[in-house]
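For reference, the structure discussed in these notes is given below.
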Protein chains: 4
Amino acid sequence: MSAVGHNSGDILPSDAQNMLKSYVERIERLNEEKAEIAEQAKEVFSEAKGNGFDTKVLRKLISIRKMDRAKWKEEQAVLDLYAHAMGLDLF
Amino acid sequence: MSAVGHNSGDILPSDAQNMLKSYVERIERLNEEKAEIAEQAKEVFSEAKGNGFDTKVLRKLISIRKMDRAKWKEEQAVLDLYAHAMGLDLF
Amino acid sequence: MSAVGHNSGDILPSDAQNMLKSYVERIERLNEEKAEIAEQAKEVFSEAKGNGFDTKVLRKLISIRKMDRAKWKEEQAVLDLYAHAMGLDLF
Amino acid sequence: MSAVGHNSGDILPSDAQNMLKSYVERIERLNEEKAEIAEQAKEVFSEAKGNGFDTKVLRKLISIRKMDRAKWKEEQAVLDLYAHAMGLDLF
DNA sequence: TACATTTAGTGTCGAC
DNA sequence: GTCGACACTAAATGTA
């Protein structure tokens, strides 16, 4: 489907044009906010690192908490299976 | 280095444990905020779509604008680098 | 879905095991090739540096050129998208 | 240091300019080769997936093989430590 | 060593 | 519901 009743001059009517600008700006503003938050998170990791924590492990921990526990265990099991098939013993 | 003086009992001292919890919670809170913002962006796209805009085009537009900005910054940076490489020191 | 009919003995059938090994080896071979190429690139940078060029500037240059190409492709893509959105079908 | 004896017109002598072009082209060629190889790796993963393998686990397996075994076990231990501190039981 | 950049990997979204 | 593309996150590398 094409935009808001622009009929065929291949030019957007000015109201559609305004809407478009508005959408773009709103999205871009939200993207900036996300970037700011990402920046703050970075600072928290940095502080944690400064206090002797291993940030890589910290990240992994957080991702595990976010993820379904059952899924995690299943993934570990498959990994274990593959590892045995390759002759690697992990744990 | 390992964390806050836990040397090898394989147990975190309670203050380290508290710090850990605090870091995890702060990060998780920031992650939630990001998710909320992402949700809002989704709504904007949805609204745009409802008004007849092609969201794929919209996304491309936004990504090009972002690229433009990034490219502009890169160009400034390379200028600056050249200047340094030449031994002058603009700005 | 799980792998090639290993249903639950938690052991991979020997043909699946062979496939697994084969995939792993192929990927690892490709990774080695990439590493070799990366090594060659490193040598080029090193040679450039030896001839008085600033490698950081060189890298920036290359990244800008890459960006230019990417941007050009994006712009073609967005043109194409607009065309579709307008119901015409160029190319 | 600045480039190949260009003394002060802020213009690169033509031989330096030629070298520069040559370096840029060599690097770009190597980058293309890397991209081709990455493409091939993608195809292998795709084929593996088609035969029922879990590509995510496959990737993890390959990364573990690449990595020092001792390091892997250490990382798991730290993760376990942090997880306990957070009241999560992983394995 | 710590920082910044680049590259790989993972998750999400929309199309078919 | 699966597939492919896109965006975001995380790891690795290279530099100062």
Side-chain angles (χ1 to χ4, degrees), chain A residues 1 27 30-31 34-35 37-39 41-43 45-46 49-50 54-64 66-68 71-72 75, chain B residues 1 27 30-31 34-35 37-39 41-46 48-49 53-64 66-67 70 73-74 77-78 81 84, chain C residues 1 27 30-31 34-35 37-39 41-46 48-49 54-64 66-67 70 73-74 77-78 81 84, chain D residues 1 27 30-31 34-35 37-39 41-43 45-46 49-50 54-64 66-68 71 75:
Chain A
M1 207 230 266
I27 296 289
L30 291 167
N31 285 160
K34 265 200 291 189
I37 291 175
E39 187 57 30
K42 215 172 144 184
E43 285 164 24
F45 277 114
S46 181
K49 184 176 191 173
D54 181 327
T55 58
K56 184 175 172 186
V57 176
L58 206 45
R59 285 173 197 276
K60 194 172 291 184
L61 180 62
I62 289 165
S63 83
I64 291 171
K66 178 167 69 181
M67 151 182 209
D68 196 328
K71 253 180 137 173
W72 159 259
E75 253 185 34
Chain B
M1 206 230 266
I27 297 288
L30 291 167
N31 284 161
K34 261 199 293 189
I37 291 174
E39 187 58 31
K42 212 173 144 184
E43 284 164 23
V44 176
F45 278 113
S46 181
K49 187 175 191 173
F53 291 97
D54 181 323
T55 58
K56 195 171 175 181
V57 172
L58 207 45
R59 284 174 197 278
K60 280 277 180 212
L61 255 173
I62 290 165
S63 84
I64 285 189
K66 189 175 171 184
M67 238 178 184
K73 288 186 82 173
E74 281 284 290
V78 89
L81 283 171
H84 278 105
Chain C
M1 208 232 265
I27 295 289
L30 290 168
N31 284 161
K34 261 199 297 188
I37 290 174
E39 187 58 30
K42 213 172 143 182
E43 284 164 23
V44 176
F45 278 115
S46 181
K49 188 174 190 171
D54 180 325
T55 58
K56 194 169 176 182
V57 173
L58 208 46
R59 283 173 196 278
K60 280 279 180 211
L61 254 173
I62 290 165
S63 83
I64 285 189
K66 189 174 170 185
M67 238 179 183
K73 287 185 82 173
E74 281 284 290
V78 88
L81 282 172
H84 278 106
Chain D
M1 208 230 267
I27 296 289
L30 291 168
N31 285 161
K34 263 200 294 188
I37 291 174
E39 187 57 30
K42 216 172 144 185
E43 284 164 23
F45 277 115
S46 180
K49 184 177 190 172
D54 182 326
T55 58
K56 184 178 171 183
V57 175
L58 208 44
R59 285 173 196 277
K60 195 172 291 185
L61 180 62
I62 289 165
S63 82
I64 291 171
K66 179 166 67 181
M67 150 182 209
D68 194 328
K71 253 180 136 172
E75 253 185 35

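Every chain is numbered from 1, with letters handed out A, B, ... down the list of sequences.
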Practice task
Answer whether the closest heavy-atom distance between the side chains of C:Lys56 and B:His84 falls below 4.5 Å.
Solution key: no
Handout entry: Distance-minimising heavy-atom pair for B:Val78 and C:Val57
Key = CG2-O, 4.4 Å
Practice task
For C:Glu43 and F:dG14, give me the distance from atom CD to atom C1', rounded to whole Å.
Solution key: 16 Å
Exercise for the section: Using a 4.5 Å cut-off on heavy atoms from C-beta on, say whether the side chain of D:Asn31 contacts that of C:Ile37. Expected result: no
Problem - Closest heavy-atom pair and its distance - B:Lys49, B:Thr55 - result: CB-CG2, 3.8 Å
Exercise for the section: Find the distance D:Ile62:CD1 to F:dA11:P and express it as a whole number of Å. Expected result: 17 Å
Problem - Contact nearer the 5' end of DNA chain F, comparing C:Phe45 with D:Lys49 - result: D:Lys49
Fill in the blank from the handout: Of all heavy-atom pairs linking B:Ala48 and B:Leu58, the shortest is CB-CD2, 3.7 Å
Contacts under 3.5 Å, N or O only, protein and nucleotides 5-9 of chain F:
| from | atom 1 | to | atom 2 | distance (Å) |
| --- | --- | --- | --- | --- |
| F:dC8 | OP1 | A:Lys34 | NZ | 2.9 |
| F:dT9 | OP1 | B:Lys34 | NZ | 2.6 |

Problem - Nearest-0.5 Å distance that lies between atom NZ in D:Lys42 and atom CD1 in C:Ile27 - result: 12.5 Å
Practice task
Taking heavy atoms of chain B and a 4.0 Å limit, find me the 5'-most and 3'-most nucleotide of DNA chain E within that range.
Solution key: E:dC13 to E:dA15
Handout entry: Interatomic spacing from CD in C:Glu74 to CE in B:Met67 - rounded to 0.5 Å
Key = 5.0 Å
Problem - Shortest non-hydrogen separation from B:Phe45 to B:Ile62 and the atoms involved - result: CZ-CD1, 4.3 Å
Fill in the blank from the handout: By nearest-nucleotide position on DNA chain E, the 5'-leaning member of D:Thr55 and B:Glu39 is D:Thr55
Problem - D:Glu75 CD to F:dA10 P, straight-line distance once rounded to whole Å - result: 15 Å
